[in-house]
Amino acid sequence: MNNQVSMQTLYDTPEPDLLEKIAQLRARLGDKVLILGHHYQREEVIGFADITGDSLKLAQQAAKTDAPYIIFCGVHFMAETADILTSNEQTVILPDLAAGCSMADMADEEQVTRCWNGLAEVIQPDQDVTPVTYINSTAALKSFCGEHGGIVCTSSNCERVLKWAWGNRDKILFFPDQHLGENTAVAMGVPDVDMILWDPARPLGGNTPEAIEKARLILWKGFCSVHQLFRPEHAELMRQNYPGIEILAHPECSRRVCEKADFVGSTEAIVRHVDQAAKGQAFAIGTELNLVNRLRLMHPGNPIYFLSPTVCMCSTMFRTDPQHLYIALLSIAEGNINNQIKVPDVDKRWAKLSLNRMLNLG
Ligand code: 13P
Ligand code: SF4
């Protein structure tokens, strides 16, 4: 914590005054700082982002910038990715270190190594299996993929990545999100008999050796706690209540929800889809609440509904508030950096390789 200002003082400051202080400090820092903002950030924060986007776009921007300081208004794995893709002279800051991702926590290095060793009892993973990690994962797992001929994917390039992975080896081990892997494979025409689920809590992931030998896609049993709240019944109800409505879903939603949707895509793809829609077209959107609320504000001519009747908000994305953003900027201005995200060199080398394999796919 910066010693010039306490968090309590900032929480006591009226919001308009605080936003003005942020704007002045941000202007003072100029090109020294780049603020990246994920689409799930709250309104008061996203307004300060120099670039907004989904995980892929923000990773590409991090790889491109030469700004000495990058403030990542997003979650921990995103800031780690930015640190891997920037030079050692650049500093990546996550305004609130508690902004994690519960899905990323569903697979750790020890569990994935145990899975790899389990597969080795049946097949030869280093010859037969390409490990693919969703970008929502720790740097250590990206490093695991780099070291074992694998790659990273995001919600916007998953199909391209799976094609690349199957082009190299017969099988794919996909972690930590079952749904992104399954939804993408289904869209590619992969039959159910080619997929198995790997439960890290059970021996051989709960599979027989025969099932492992036959499988082409091994899906880790992980999910997003926010997107799992959307149900297929919600889509049915929307269609009943609003004839002609289009259902949009993020691919972290379950397969049964995505099968009911008219369009499945990353946050950036959802934003683009709504931007390009005809006036009057109604939408029910199955992704995080802050983004859906923003789309509603930006498109008053389009009725926009949240797909679920209950609130599905990413509480960790929400942790980044104007107070934490102000402290991050102040720490740069005063040369007393808080909350720097620094991936250990041992993970950085291989993680960079698996990320670059993805970025090179275009
Ligand atoms: P996007 O890459 O589609 O923005 O997804 C990130 C994420 O965490 C969605 O829950
Ligand atoms: Fe992670 Fe889900 Fe939040 Fe995305 S919405 S950051 S996957 S917990």
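This one's a predicted model, so the numbers in the text were calculated from it and none came from an experiment. In each ligand, atom 1 is the first atom listed, and ligand 1 is the first ligand listed.
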Exercise. How does I135 reach ligand 1, if at all, at less than 4.0 Å between non-hydrogen atoms: by side chain, backbone, both, or neither?
Worked result: neither
Exercise. Backbone, side chain, both or neither: what part of H38 comes under 4.0 angstrom of ligand 1, heavy atoms only?
Worked result: side chain
Exercise. If you measure only the distance, is there a donor-acceptor pair under 3.5 Å linking the side chains of D12 and Q8?
Worked result: yes
Exercise. Going by the atom numbers of ligand 1, which of them fall below 4.0 Å from some non-hydrogen atom of N136?
Worked result: 7 (C), 8 (O)
For this session: Return yes or no for this condition: an N or O of T154 is under 3.5 Å from an N or O of ligand 1.
Result: no
For this session: Under 4.0 Å from a heavy atom of S266: give me the atoms of ligand 1 that qualify, with their elements.
Result: 3 (O)
For this session: Give the single entry among M317, H250, M103, E252 that approaches atom 10 (O) of ligand 1 most closely by any heavy atom.
Result: E252
For this session: Compute whether any side-chain donor of one residue and acceptor of the other, for D275 and H299, lie under 3.5 angstrom apart.
Result: yes
Problem set entry | Nearest non-hydrogen partners of F230 and C253, listed with the distance | CD1-SG, 3.8 Å
Problem set entry | Heteroatom count (protein N, O or S) under 2.8 Å of atom 2 (Fe) of ligand 2 | 1
Problem set entry | Between R296 and N293, a side-chain donor and acceptor under 3.5 Å | yes
Exercise. Ligand 1 versus H39, non-hydrogen atoms closer than 4.0 Å: side chain, backbone, both, neither?
Worked result: neither
Exercise. For residues T154 and S55, is any side-chain donor paired with an opposing acceptor at under 3.5 Å?
Worked result: no
For this session: Before signing off on this row, confirm whether D54 and ligand 1 have an N or O atom pair separated by under 3.5 Å.
Result: no
Exercise. So, Q240 versus E236: side-chain donor-acceptor pair below 3.5 Å or not?
Worked result: no
For this session: Assess the side chains of Q90 and S87: does a donor N or O sit below 3.5 Å from an acceptor N or O?
Result: yes
